[in-house]
Amino acid sequence: MPLAEHRTGTYDDTQLYLEIQHFYGRQMRHLDSGAVEEWALTFTEDGVFAANAHPEPQRGRAEIEAGARRAAAQLAAEGVQRRHWLGMLQVDPQDDDTVLARTYALITSTAQGGQAEIRLSCTCDDVLVREDGRLKVRHRQVYRDDLPTGKGE
Amino acid sequence: MPLAEHRTGTYDDTQLYLEIQHFYGRQMRHLDSGAVEEWALTFTEDGVFAANAHPEPQRGRAEIEAGARRAAAQLAAEGVQRRHWLGMLQVDPQDDDTVLARTYALITSTAQGGQAEIRLSCTCDDVLVREDGRLKVRHRQVYRDDLPTGKGE
Amino acid sequence: MPLAEHRTGTYDDTQLYLEIQHFYGRQMRHLDSGAVEEWALTFTEDGVFAANAHPEPQRGRAEIEAGARRAAAQLAAEGVQRRHWLGMLQVDPQDDDTVLARTYALITSTAQGGQAEIRLSCTCDDVLVREDGRLKVRHRQVYRDDLPTGKGE
């Protein structure tokens, strides 16, 4: 197929693009199922989770895990299932052996016996690194579409 | 790109992950367009479709096709277009030459002249096998987020 | 993994499928961020953008760019962020060295300080070609699910 033969990009690019999709599939399932230790392990030890909805970022795995644990407990108490969808992935390798992975994020929310609904639309900009063969998030910046970019609530 | 060079996973993993995405793209389009015979052929002859919304699973291609035909006729009569989105794919090959493919499922519904809306948020756990070179669903388990897991409506 | 070994399809198919996903990730981000020149460059010089919501298609890059510029200005004035999600990709190479790429499209809308919501559910049928190594849209046909197929509003 000539259209494929004259392509730009390399096999490694393809492999990495897929690997990041798969990484996100597993990572967000950890979060949504309340597997908060596994969730925290998808960040580097010194990983940062920043969001324009939060005045201060979560810094380090312990803080990221603690934040997820609080959120999971509250959702469980409310009988609410959240789902985080990341999509429309754009991957840009950087000069320093990191990768900038940008996605759209759609967060749905469903209460037991209730109606599924869109909770938030966001973008998610990740700096990914590889540790012991596995991708990790070194820095995540989430921007909620309903809030001013770069400003806290 | 060093980040790609030190990756885990193999080419076959990548190939399979993509192939499953493409399989779902075609499969759910069959369902949403009312192509119920093509839909049924994406399951094995003895395929099972179970859902926590249904007291009994659909067993076998004939039953799966009949169920889709009834649903398609009702939607056509109502002038409603449903769309099934599967995403956040996680693929885990099993020891018995099957693959466990897990996705989030978002079902939208749009009436002629009406407003598009989220109908349901679910998860979908598939056991996939290969027959004559093609992927087929041997067992599908859908869980609606609004219903208790493993219990009928 | 035998399931992967006996696959149908080729490496080039996989590569192309991924490349189209990545192309859409970049393309729709151009549109949603108001980068209308970059958006227009994802179409061929004589590209066509047709939609069942519009009586006439946009013909050529200049018209496509002008249309996006008007829409971006209006959304900026209203303080609304739209997001175009393309998913459930189905890729069918054609005999004439083009590729038919079909997706589901979900368009979300979020006002500053407001609630994210589903705006539209559509399908998107693209004829893609390669120019100087890059994919371009030669013809796009969007069908809104709430409108009759092939008829204007």
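Below, chain A is the first sequence line, B the second, and so on; all start at residue 1.
Among all heavy-atom pairs drawn from Ala116(B) and Ser121(C), the shortest one is CB-N, 3.6 Å.
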Inset, instruction - Take Val91(C) and His22(B) through the test side-chain contact (heavy atoms from CB on, under 4.5 Å) and record every step on the way to the result. - result: CA-CA 8 Å; Val91(C) 173; His22(B) 208 168; 3.9 Å; yes

Legend entry - Trace of the side-chain contact (heavy atoms from CB on, under 4.5 Å) decision for Arg83(B) with Leu106(C): CA-CA 10 Å; Arg83(B) 303 262 170 227; Leu106(C) 196 65; over 6 Å; no

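Side-chain contact check for Met88(C) versus His84(B): every heavy-atom pair is 4.5 Å or farther apart. In this structure, Thr108(B) and Tyr104(C) have side chains that are not in contact, with every pair of non-hydrogen atoms separated by 4.5 Å or more.
The candidate with the highest count of non-hydrogen atom pairs below 4.5 Å against chain C, out of Phe23(B), Tyr24(B), Trp85(B), is Trp85(B). Your options are Gln115(B), Gln81(B), Arg29(B), Glu117(B), and the one with the most heavy-atom pairs under 4.5 Å with chain C is Arg29(B).
Contacts between Arg119(C) and chain B at a heavy-atom distance below 4.5 Å involve the backbone alone (N, CA, C, O).
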